[in-house]
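So that the names make sense, note that chain A is the first sequence line, chain B the second, and so on, each numbered from 1. These figures come from a predicted structure and were not determined experimentally.
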Protein chains: 4
Amino acid sequence: MGGTMDGTKRQRRGDTRQRIQDVALELFAEQGYEKTSLREIAEHLDVTKAALYYHFKTKEEILVGIFEDLTRPIEELIEWGRGQPHTLATKQEIVRRYSDALDGATPLFRFMQENQATVRDLRIGERFKERMRGLREIMIDPEASLVDQVRSLSAIFTLHAGMFAVHDLEGDPEEKHKAVLEVATDMITQAHAGTKPAQDEA
Amino acid sequence: MGGTMDGTKRQRRGDTRQRIQDVALELFAEQGYEKTSLREIAEHLDVTKAALYYHFKTKEEILVGIFEDLTRPIEELIEWGRGQPHTLATKQEIVRRYSDALDGATPLFRFMQENQATVRDLRIGERFKERMRGLREIMIDPEASLVDQVRSLSAIFTLHAGMFAVHDLEGDPEEKHKAVLEVATDMITQAHAGTKPAQDEA
Amino acid sequence: MGGTMDGTKRQRRGDTRQRIQDVALELFAEQGYEKTSLREIAEHLDVTKAALYYHFKTKEEILVGIFEDLTRPIEELIEWGRGQPHTLATKQEIVRRYSDALDGATPLFRFMQENQATVRDLRIGERFKERMRGLREIMIDPEASLVDQVRSLSAIFTLHAGMFAVHDLEGDPEEKHKAVLEVATDMITQAHAGTKPAQDEA
Amino acid sequence: MGGTMDGTKRQRRGDTRQRIQDVALELFAEQGYEKTSLREIAEHLDVTKAALYYHFKTKEEILVGIFEDLTRPIEELIEWGRGQPHTLATKQEIVRRYSDALDGATPLFRFMQENQATVRDLRIGERFKERMRGLREIMIDPEASLVDQVRSLSAIFTLHAGMFAVHDLEGDPEEKHKAVLEVATDMITQAHAGTKPAQDEA
DNA sequence: CATGAATGAGGATTCATTCAT
DNA sequence: TATGAATGAATCCTCATTCAT
């Protein structure tokens, strides 16, 4: 327990904070937040629990750190979206970019999705909701029919679910990924068409 | 403190097992499985922790009990689905019925969705996956294009997400519910149309 | 650690709560509150730490329990004092009774005196202050000169300090005890005489 | 956050040791010894914990340093007292000087009084007892009656208690201070009178 | 049908201290 | 003079579970 030498470490320097986040995310995603103990994280890193506390004030802060880092692209996407006209092309572009953003943070999103109950009363719960609210604002037209609004929402969830639920489908991962994107794009397109009868891009 | 309603509660008899399940589900859904302790459940019922063990062998068994009870309609739906021809009408009917089944067990499904990480290594995890597999079998045509398969999957997830994500949309709950069902039906219809070029029900 | 048999216990029944308080007070008084760990208390009783938590919600509650139990006589004394006329005889009687009350709870008072910093932000801190306020009210005449008020205060503190500081004086404990009481009585008498020029009991 | 006053604080040089002691005493007196962590002290000074260890070998040494510095006047007073005749005048002078010495180190004495349990097994515990023994030697006549000895002791404790207990009395601080000194002087006078029937200063 | 009493394992967190730089 | 990084030991507390009554 907590040895000190065995060749393949010690060269690391100053990256401990990052390594903690990496290992933590891996374990959080694999086993869930509550079921992952700090002891476990520490052991994976060959440091003591106390070392974690040097870098983060609480277990929760570790998660906050991960969230802030991995979630920035989405924040930027929303920022960008707010500055664009609400055209079909924009929305389609948002879907495309959001899909990319998700890809870049798959483990975090897997974690968020599979630990909603937990996340809800963690600090990141509110932060996450805010982002979602942001996404909705740039994707959903409040004037649209309820059905079309749901369609837009569904496009987002298709992307989310697409990250995992699709595993049990047969086929090449690349292909499946593309299929998910296509379906989502399709839905947002239908939602938009319903709203403004096809004349806006003309 | 404790008790469930109206003050006079000692008259209940033999229904303790059911009451435990009710309270447990309520708390599990509200706070998550790990964050709900047996002490808490017992307090809400005004009995001792030990009493719970008279009715259930473990904490997990309480959940299993709930799951079996509330999930039966879905099992039956799948059973039924297996005996039907793979027509559009059948699939639409499945969507309709599945939507109803979800309504009848909202707290359980909310729980399942928000505690996936936990559920995964509980006994009900595998049972749940089986059911999902069953659903897929009767909803998704393995011959269909990947995109159409994803569309079908998405229909299911639309129904799931529809239970909660829709809360932040404006509008009458009834209306929203209908909208969700309509979108899901729409998707399954499109999925089917893509597969078998529109001639089968004609 | 925490064995289960060795002859001389097991016959106890239901007195565990009391035994916890006894051992706890002994250790608290001997070593201080913070330096006494629950592990230590548990070991002295040959039970597990968790057993303590069956009987008390927190470490602090153990102390609260002790305080409530041992402090009751003082509360009653104050109650009694409030109903008496503010004569010399009354005050002398209060000093006598207070001295007795202290004797009945020496370890607790030793503890309170030696752990003031700690006690201050425990729940019993405020309770203690209240009692002291009560004592002052029945012992000190707010109309009296400052000097006489200090004299009364000093009588109280003489009693307190008398419990321990007197240890290093030579002589028979009984004798010392009496001497302390005499000095305190003397002081309260002088305080009273100053106030109301000697004619009230005549 | 941190810093001690007025924003510009980097100009200090070499006085770090002193500043550590100042902050430490402040916190020790306010919160108690055990409840004041080195982290806290360091933060108040805007340095790292490790820096404290450059100046002091242990947490306890910080306290020892403070004690030695602030307690010197009392040591000197005792020294002086030992060289004086045991007359009433001497004792009254000691009371007066001791009162002053206490005033010059109020926070330390507050600390000592409120943390006796802790102090007892720190190095300064024994040192403190020695000083008290010294004080007793010059204040208390071992030939005197027990009652008069207690009276002398009480004079000392009146001074101690006078530092704080008097807070809840109404009146001007200056006045109260004087009242306390008067009572203490009074007591020592009575103690002395009892011993040697009033003829020695005549 | 249920309680009272207890356990063993483990959780997050905090602390004084060390040491290479 | 100081810091950055880490440790080992301890702390309070919580939990699911057991069992005699």
Side-chain angles (χ1 to χ4, degrees), chain A residues 1-4 12-17 20 34-42 45-62, chain B residues 12-14 16-17 34-42 45-62, chain C residues 1-4 12-17 20 34-42 45-62, chain D residues 12-14 16-17 34-42 45-62:
Chain A
M1 13 174 114
T4 295
R12 288 120 171 178
R13 245 316 121 90
D15 59 344
T16 303
R17 195 189 144 92
I20 292 174
E34 357 243 353
K35 294 235 294 287
T36 301
S37 70
L38 293 186
R39 178 181 51 67
E40 212 172 347
I41 297 176
L45 288 166
D46 244 323
V47 295
T48 47
K49 268 179 295 170
L52 304 184
Y53 279 92
Y54 176 75
H55 295 280
F56 297 92
K57 271 214 323 253
T58 64
K59 185 183 180 185
E60 193 175 344
E61 286 303 307
I62 299 182
Chain B
R12 292 177 200 101
R13 255 301 133 98
T16 304
R17 194 189 143 92
E34 357 243 352
K35 295 232 294 284
T36 300
S37 69
L38 293 187
R39 177 177 56 63
E40 213 173 347
I41 296 176
L45 289 165
D46 248 326
V47 294
T48 45
K49 266 183 297 172
L52 304 184
Y53 278 90
Y54 178 81
H55 295 280
F56 297 92
K57 270 213 332 247
T58 66
K59 185 184 182 185
E60 193 176 343
E61 286 305 308
I62 300 181
Chain C
M1 8 170 120
T4 295
R12 289 127 175 167
R13 240 322 118 88
D15 59 344
T16 304
R17 195 189 145 94
I20 292 173
E34 358 241 354
K35 296 234 292 287
T36 301
S37 69
L38 294 186
R39 177 181 54 65
E40 212 172 349
I41 297 176
L45 289 166
D46 243 325
V47 294
T48 47
K49 268 179 293 170
L52 305 183
Y53 280 94
Y54 176 75
H55 295 279
F56 297 93
K57 272 216 320 255
T58 64
K59 184 183 180 184
E60 192 175 344
E61 287 303 308
I62 299 181
Chain D
R12 291 170 198 109
R13 253 303 130 97
T16 304
R17 194 189 145 91
E34 356 243 352
K35 294 231 294 281
T36 301
S37 69
L38 294 186
R39 175 176 57 63
E40 214 173 346
I41 297 176
L45 288 165
D46 247 327
V47 296
T48 44
K49 268 183 295 173
L52 304 183
Y53 279 90
Y54 178 81
H55 295 280
F56 298 92
K57 268 212 333 245
T58 66
K59 184 184 181 184
E60 192 175 345
E61 287 305 309
I62 299 181

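- OP1 or OP2 of dA6(E) has at least one side-chain nitrogen or oxygen of Thr16(C) nearer than 4.0 Å.
- Each of Ala51(A) and Tyr53(C) has a nearest nucleotide on DNA chain F; the 5'-most of these lies closest to Ala51(A).
- The only option from His55(D), Glu61(D), Lys59(D) that meets the side-chain contact (heavy atoms from CB on, under 4.5 Å) definition with Lys57(D) turns out to be Glu61(D).
- Phe56(C) approaches Ile20(C) most closely through the heavy-atom pair CE1-CG2, 3.7 Å.
- Scored by the side chain to side chain donor-acceptor pair (under 3.5 Å) test, Glu60(B) finds no partners at all (sequence neighbours excluded).
- Checked by distance alone, Lys59(A) brings no side-chain donor or acceptor within 3.5 Å of a matching partner on the base of dT13(E).
- Computed from coordinates, the Leu52(D) CG to dG4(F) P distance equals 13 Å when rounded to whole Å.
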Intra- and interstrand pairs of DNA chain E - dot-bracket, Watson-Crick/G-U under 3.5 Å, | marks other strand:
.||||||||||||||||||||
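- Proximity of His55(A) to the phosphate of dG4(F): no side-chain N or O atom is located under 4.0 Å from OP1 or OP2.
- Put simply, CD1 on Ile62(B) and CZ on Arg17(B) are 9.5 Å apart, with the number rounded to the nearest 0.5 Å.
- When rounded to the nearest whole Å, the span between CD of Glu60(B) and C1' of dT17(F) equals 14 Å.
- The nearest whole Å value for the distance from the CD1 atom in Ile41(A) to the P atom in dG11(E) is 11 Å.
- Residue whose closest nucleotide on DNA chain F sits further toward the 5' end, between Thr36(B) and Ala50(B): Thr36(B).
- In this structure, Tyr54(C) reaches the dA5(E) phosphate: one of its side-chain N or O atoms is under 4.0 Å from OP1 or OP2.
- OP1 and OP2 of dA16(E) both lie 4.0 Å or more from every side-chain N or O belonging to Thr58(D).
- Heavy-atom minimum distance, Leu52(C) versus Leu38(C): CD1-O, 3.6 Å.
- Remark: C1' of dT17(E) and CD of Glu40(D) are 18 Å apart, rounded to the nearest angstrom.
- At whole-Å resolution of the value, CZ in Arg39(D) and C1' in dT18(E) are 19 Å apart.
- No donor-acceptor contact under 3.5 Å links the side chain of Lys49(C) to the base of dT7(E).
- Atom CD in Glu34(A) sits about 13 Å away from atom C1' in dT14(F), given to the nearest Å.
- In this structure, CZ of Arg17(C) is placed 13 Å from P of dA6(E), rounded to the nearest angstrom.
- In this structure, the separation between NZ on Lys49(B) and OG on Ser37(B) is 8.0 Å, given to the nearest 0.5 Å.
- Leu38(A) places its CG atom 13 Å from the C1' atom of dT14(E), with the value rounded to the nearest Å.
- Residue Ser37(A) places at least one side-chain N or O closer than 4.0 Å to OP1 or OP2 of dG11(E).
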